[in-house]
Amino acid sequence: MARQRLTRGFYARDSRDVAPQLLGKVLVAGPCCGRIVEVEAYAGGDDPGSHAHRGPTRRNATMFGRPGLLYVYFTYGMHWCANVVTGDEGDGQAVLLRALAPLAGLEVMRARRPAARADRQLCSGPARLCQALGITGADDGRDLVRPGAGGVWIGDDGMPPPAEPGWSTRIGLSKGVEHPWRWFVPGDPHVSR
DNA sequence: ACCGGGATGTTCT
DNA sequence: GAACATCCCGGTG
């Protein structure tokens, strides 16, 4: 089946609805792509674990934009992480992409991630997948629905999301830890941790 | 296998 | 000055 780009309507819902539906979809970045196997939902201002919790700032401005935008942020002094904006403009909702199963461009990924000792570690973490796919702050604010040249986008190749996705609380947070808003493909070896 | 610590810099209190 | 949606490496068992 041909790969079809997701439309804005796909993203224009609550992040906790969109997140599990993204499992099985394909993230494309130039010559590299991978199947999404792990995600986390970040809700709007009422979610204390979300960057949106304290309202718009220069850093999180993209989060409050249109659904279907790519929100990329810098953390721990060296890592980039990629999210998809969901909901309505102004909500500040997003889904963090946490792990991919690499599908194409493996040679490029290996060159970008010399620390990966096995292919299963190429994209098994939010910062790892950005490194492997070459996603940086320069990609913040990209429109995944209507990408420009050198496109980053998300497609559907017919793989359905798991009927019963695995779930847990979110990883690495100090606030909002109680919400079970992480989803993953059960048994997939590329899921982080 | 598990555990501890260092890297590194932007953002916000 | 502290926190941070992380990762990697080197120790020990």
Side-chain angles (χ1 to χ4, degrees), chain A residues 11 14-20 22-23 27 29 32 34 36-65 67 69-87 91-102 108-142 144 152 154 165-185 189-193:
Chain A
Y11 301 106
D14 189 285
S15 61
R16 290 154 290 191
D17 292 329
V18 174
L22 277 169
L23 297 175
L27 176 65
C32 301
I36 299 169
V37 298
E38 180 185 348
V39 295
E40 280 176 357
Y42 287 85
D46 53 340
D47 176 6
S50 171
H51 290 170
H53 183 50
R54 285 180 235 278
T57 63
R58 175 180 264 96
R59 176 212 214 183
N60 67 17
T62 298
M63 259 190 118
F64 291 87
L69 296 186
L70 187 68
Y71 166 49
V72 183
Y73 68 88
F74 189 62
T75 192
Y76 290 104
M78 65 191 88
H79 296 303
W80 298 102
C81 295
N83 303 250
V84 182
V85 177
T86 75
D91 282 0
Q93 300 191 71
V95 175
L96 174 67
L97 305 178
R98 285 197 57 93
L100 310 176
V108 176
M109 294 185 194
R110 293 183 193 113
R112 286 171 172 158
R113 285 195 32 75
R117 317 181 96 236
D119 285 352
R120 72 190 323 180
Q121 296 163 24
L122 285 173
C123 302
S124 62
R128 289 173 174 181
L129 73 87
C130 284
Q131 210 177 328
L133 273 63
I135 294 172
T136 71
D139 297 302
D140 180 48
R142 264 187 195 279
L144 299 170
V152 179
I154 295 177
W167 57 272
S168 79
T169 54
R170 296 175 294 183
I171 292 177
L173 307 188
S174 63
K175 296 175 181 173
V177 294
E178 68 277 15
H179 300 298
W181 293 343
R182 168 177 177 256
W183 291 270
F184 54 93
V185 176
H190 303 92
V191 171
S192 71
R193 201 152 86 83

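Convention: sequence-line order gives letters A, B, ...; per-chain numbering from 1. Just so it is clear, the values below take in all heavy atoms, side chains as well, and ignore hydrogens, waters and symmetry mates.
- The distance between atom CE of Met63(A) and atom P of dA5(C), rounded to the nearest whole Å, is 11 Å.
- Here the side chains of Arg170(A) and Asp47(A) are in contact, with some heavy-atom distance below 4.5 Å.
- In this structure, His51(A) atom NE2 and dC12(B) atom C1' are separated by 12 Å, rounded to whole Å.
- Residues Val72(A) and Thr136(A) are not in side-chain contact: their nearest non-hydrogen atoms beyond the backbone lie 4.5 Å or more apart.
- Other residues, nucleotides and ligands contribute over 12 non-hydrogen atoms within 6.0 Å of the CZ atom of Arg110(A).
- Distance Glu38(A) CD to dA5(C) C1': 12 Å, rounded to the nearest Å.
- Put simply, Tyr42(A) rests on the base of dA5(C): the two rings are less than 5.5 Å apart at their centres and nearly parallel, under 30°.
- Residues Arg182(A) and Ile171(A) form a side-chain contact, since some pair of their non-hydrogen atoms from C-beta on lies under 4.5 Å apart.
- Between His53(A) atom NE2 and dA3(C) atom C1' there is a gap of 15 Å when expressed in whole angstrom units.
- Protein atom CG of Leu97(A) is 16 Å distant from nucleotide atom P of dA5(C), rounded to whole Å.
- Using N1 to N3 plus N6-O4 or O6-N4 for Watson-Crick, or N1-O2 and O6-N3 for G-U wobble, each under 3.5 Å, dA1(B) pairs with dT12(C).
- Nucleotide dC3(B) holds its P atom 12 Å from the CZ atom of Arg193(A), rounded to whole Å.
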Given protein heavy atoms under 4.0 Å, the one-letter contact record of nucleotides 8-13 of chain C, with B base, S sugar-phosphate only and - none, is simply S-----
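- Annotation: the span from Tyr42(A) atom OH to Gln93(A) atom CD amounts to 13.5 Å, rounded to 0.5 Å.
- Between Thr57(A) and dC12(B), a side-chain N or O to OP1/OP2 separation shorter than 4.0 Å is present.
- Between Leu129(A) and Ser174(A), it is Ser174(A) whose nearest contact on DNA chain C lies nearer the 5' terminus.
- Atom-to-atom, CE of Met78(A) to C1' of dA7(B) comes out at 4 Å; the value is rounded to the nearest Å.
- One N or O donor and one acceptor, one from the side chain of Tyr73(A) and one from the base of dA5(C), sit under 3.5 Å apart.
- Set against dA5(C), dC7(C), dT13(B), the side chain of His79(A) has dC7(C) as its closest nucleotide.
- Distance check on atom P: dG6(B) versus dA2(C) gives 16 Å, rounded to whole Å.
- Interatomic distance, CZ of Arg98(A) versus CZ of Arg128(A), reported as 10.0 Å (0.5 Å rounding).
- Here dA2(C) sits opposite dT11(B) as a Watson-Crick or G-U wobble pair (both hydrogen-bonding atom distances under 3.5 Å).
- Here the P atom of nucleotide dT6(C) and the CG atom of Asn83(A) are 11 Å apart, to the nearest Å.
- In this structure, OH in Tyr73(A) is found 5.0 Å from CG in Leu96(A), a value given to the nearest 0.5 Å.
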